[in-house]
Amino acid sequence: MTVSTTEASSSGGESTLDWIDTRSEARAKAGLSRRLRPRTSDSTDLDLASNDYLGLAKDKRVAGAAAAATLKWGSGSTGSRLVTGSTELHAELEFELANFCGSQSALVFSSGYMANLAAVTALTGPGTAIVADQHIHASLIDGTRLSKADVVVADHCDVGKVRHALETRGKRRAIVVTDSVFSVDGDIAPLNELHEACRATGAALVVDDAHGLGVVGPGGRGAVAEAGIVKAPDVITTLTLSKSLGAQGGAVLGPSRVIRHLIDTARPFIFDTGLAPSSVAAALTAIKILREEPDRPERALTVAHDLSNRLKEAGFQVSTPTAAVVSVRAPSPEQAFQWAETCRTSGVVVGCFRPPSVPDQISRLRLTARADLTEADIERAVRVIRESAASAGVESRPR
């Protein structure tokens, strides 16, 4: 006789999904539980957790462009890019992104996550070797897992290890995958040295410039442009539109033949619904503002250095920023969580990064520097972080 799962559960048998509760309890004991926190539109909290580096997400020009595009084109793109999901706005954004960053061509996706999956999976396969930095974005990691390629994980920013892996690979084709600005500590990859290693061994370089665009490089054109390799025929750049541009979506930039290849073969492009016109218009307007107000990237960097220096003076272990990310180390996941919670209660929202989200297993507060933060905002943030440390048992040693 067949027993239904309902009968098994009600008769005292173990349910197929009971293991979820066991895992959940273990995460809670380790201080690794997560929860959603819906924001209100009228919050007065000081936001140091988002990736709105240039302060454009609520800019009336950006939001107004999104609203106007919604009225003109509708609330959604209505289909995949190859069916009905491409509008004139999409084509315009792809032209402007390529032109602004200095690349030959661009292709827009519904998210940065999808852009990374597309770039890695479409450019690799069973006949390819991938050499990936240990600290790359989760979306790039997922791309390597889906690629069916041979994958080697190199120590963080270790060009020697990358070169050795390329020289000893067992596959003819190879790509190196790295972030430009790493999302946890905000350190920057040695892009020129990585590109030299790629050229010397016949490999291509894929760079996720999500945290570089809008902050690093001439006029905020990104770390790949700053390194002078954006036009190289063996360099592919991925971007997100949801950070410095205050919109939504992602993109891949590179040689035209690469973009044509993605259109023909990249499953995250072919089978995903296109980016909504409202987000396309918002990103287009943000690029225009960035062109007209080139001091915004420099201001974001200045704020990052101010936060870093003042927190170091207060006695905390703080990263030295190369972009708009500042991290403050915590002794444990539990203390990091409590520290962030106390900051939030005091009106300052900070990121809380804990394992398994951090590859080095070190918990920390992650602060976002924004171009629109004032001197009073910076002073408030430092004061709250300093005062909240004691409640979490975090010691500081002021200079």
Side-chain angles (χ1 to χ4, degrees), residues 34-63 181 183-186 211 214-215 220 240 242-248 286 289 293 295-330 335-354 357 363-392 394 396 398:
R34 292 169 169 81
R35 58 174 170 163
L36 297 174
R37 298 178 179 275
R39 291 186 290 125
T40 61
S41 61
D42 59 351
S43 173
T44 59
D45 288 344
L46 177 59
D47 174 22
L48 292 179
S50 75
N51 293 315
D52 185 20
Y53 297 140
L54 301 183
L56 294 177
K58 287 191 174 182
D59 187 287
K60 291 183 178 179
R61 293 165 292 181
V62 175
V181 177
S183 60
V184 176
D185 278 333
H211 295 282
V215 182
T240 180
S242 61
K243 294 180 172 59
S244 289
L245 300 185
Q248 194 78 19
I289 293 172
E293 302 174 13
D295 58 324
R296 281 182 180 259
E298 186 61 34
R299 174 57 186 167
L301 287 170
T302 298
V303 171
H305 283 284
D306 282 351
L307 284 169
S308 176
N309 291 337
R310 295 186 194 193
L311 288 169
K312 284 179 181 177
E313 290 173 358
F316 300 110
Q317 284 187 276
V318 188
S319 64
T320 299
T322 56
V325 175
V326 178
S327 75
V328 188
R329 292 197 175 190
Q335 288 170 295
F337 178 77
Q338 183 58 49
W339 197 1
E341 285 293 291
T342 307
C343 286
R344 182 184 292 271
T345 301
S346 301
V348 176
V349 183
V350 299
C352 178
F353 277 31
R354 299 166 290 166
S357 297
S363 297
R364 54 195 26 102
L365 301 186
R366 180 183 182 275
L367 315 180
T368 298
R370 298 203 324 270
D372 60 338
L373 293 182
T374 65
E375 176 65 23
D377 290 332
I378 297 171
E379 290 180 358
R380 176 186 174 190
V382 172
R383 174 178 55 79
V384 168
I385 293 169
R386 186 179 65 247
E387 293 174 353
S388 299
S391 66
V394 179
S396 62

Inset, instruction - Could you check if a side-chain atom of V184 sits within less than 4.5 angstrom of a side-chain atom of R366, using non-hydrogen atoms only? - result: no
Legend entry - Short N-O contact, D52 and K58, less than 4.0 angstrom: no
Inset, instruction - Quick one: closest heavy-atom pair of I378 and R310, and the distance? - result: CG2-NH1, 3.8 Å
Legend entry - Side-chain touch Y53/H211, heavy atoms, less than 4.5 angstrom: yes
Legend entry - Euclidean distance, K312 NZ relative to Q317 CD, rounded to 0.5 Å: 11.0 Å
Legend entry - Within-4.5 Å side-chain heavy-atom neighbours: L311 and L367: yes
Legend entry - Heavy-atom pair of closest approach, residues A324 and A304: CA-CB, 4.1 Å
Inset, instruction - Nearest 0.5 Å please: distance from the OG1 atom of T320 over to the CG atom of D185. - result: 10.0 Å
Inset, instruction - Of all the heavy-atom pairs spanning S346 and V384, show the shortest one and how long it is. - result: CB-CG1, 3.7 Å
Inset, instruction - Measure the shortest side-chain to side-chain distance between F316 and L365 over non-hydrogen atoms and say whether it is less than 4.5 angstrom. - result: no
Legend entry - 4.5 Å side-chain heavy-atom contact, R299 and E293: no
Legend entry - Exercise: identify the closest heavy-atom pair between W339 and R329: CZ3-O, 3.6 Å
Legend entry - Listed once per pair and sorted, the salt bridge (charged side-chain N to carboxylate O under 4.0 Å, His left out) pairs that draw on residues 341-351, sequence neighbours left out: R35-E341, R37-E341
Inset, instruction - Measure across S50 and R370 and return the closest heavy-atom pair with its distance rounded to 0.1 Å. - result: OG-CD, 4.4 Å
Inset, instruction - With rounding to the nearest 0.5 Å, note down the distance linking CD in Q335 to CZ in R364. - result: 14.5 Å
Inset, instruction - Could you walk me through whether S242 and N51 pass the side-chain contact (heavy atoms from CB on, under 4.5 Å) test, one step at a time? - result: CA-CA 8 Å; S242 61; N51 293 315; over 6 Å; no
Legend entry - D47 backbone acceptor or donor facing D45 side chain under 3.5 Å: no
Inset, instruction - Find the distance between CG (L245) and CG (D59) and round it off to the nearest 0.5 Å. - result: 12.0 Å
Legend entry - Salt-bridge contact R383-E387 (side-chain N to carboxylate O under 4.0 Å): yes
Legend entry - Nearest-0.5 Å distance that lies between atom OG1 in T345 and atom CD in Q338: 8.0 Å
Legend entry - S363 side-chain N/O to A330 backbone N/O, donor-acceptor pair under 3.5 Å: no
Legend entry - With L48, the side-chain contact (heavy atoms from CB on, under 4.5 Å) member among D377, V349, V303, V348: V348
Inset, instruction - For L56 and A286, work out which heavy atoms get closest and say how close. - result: CD1-CB, 3.9 Å
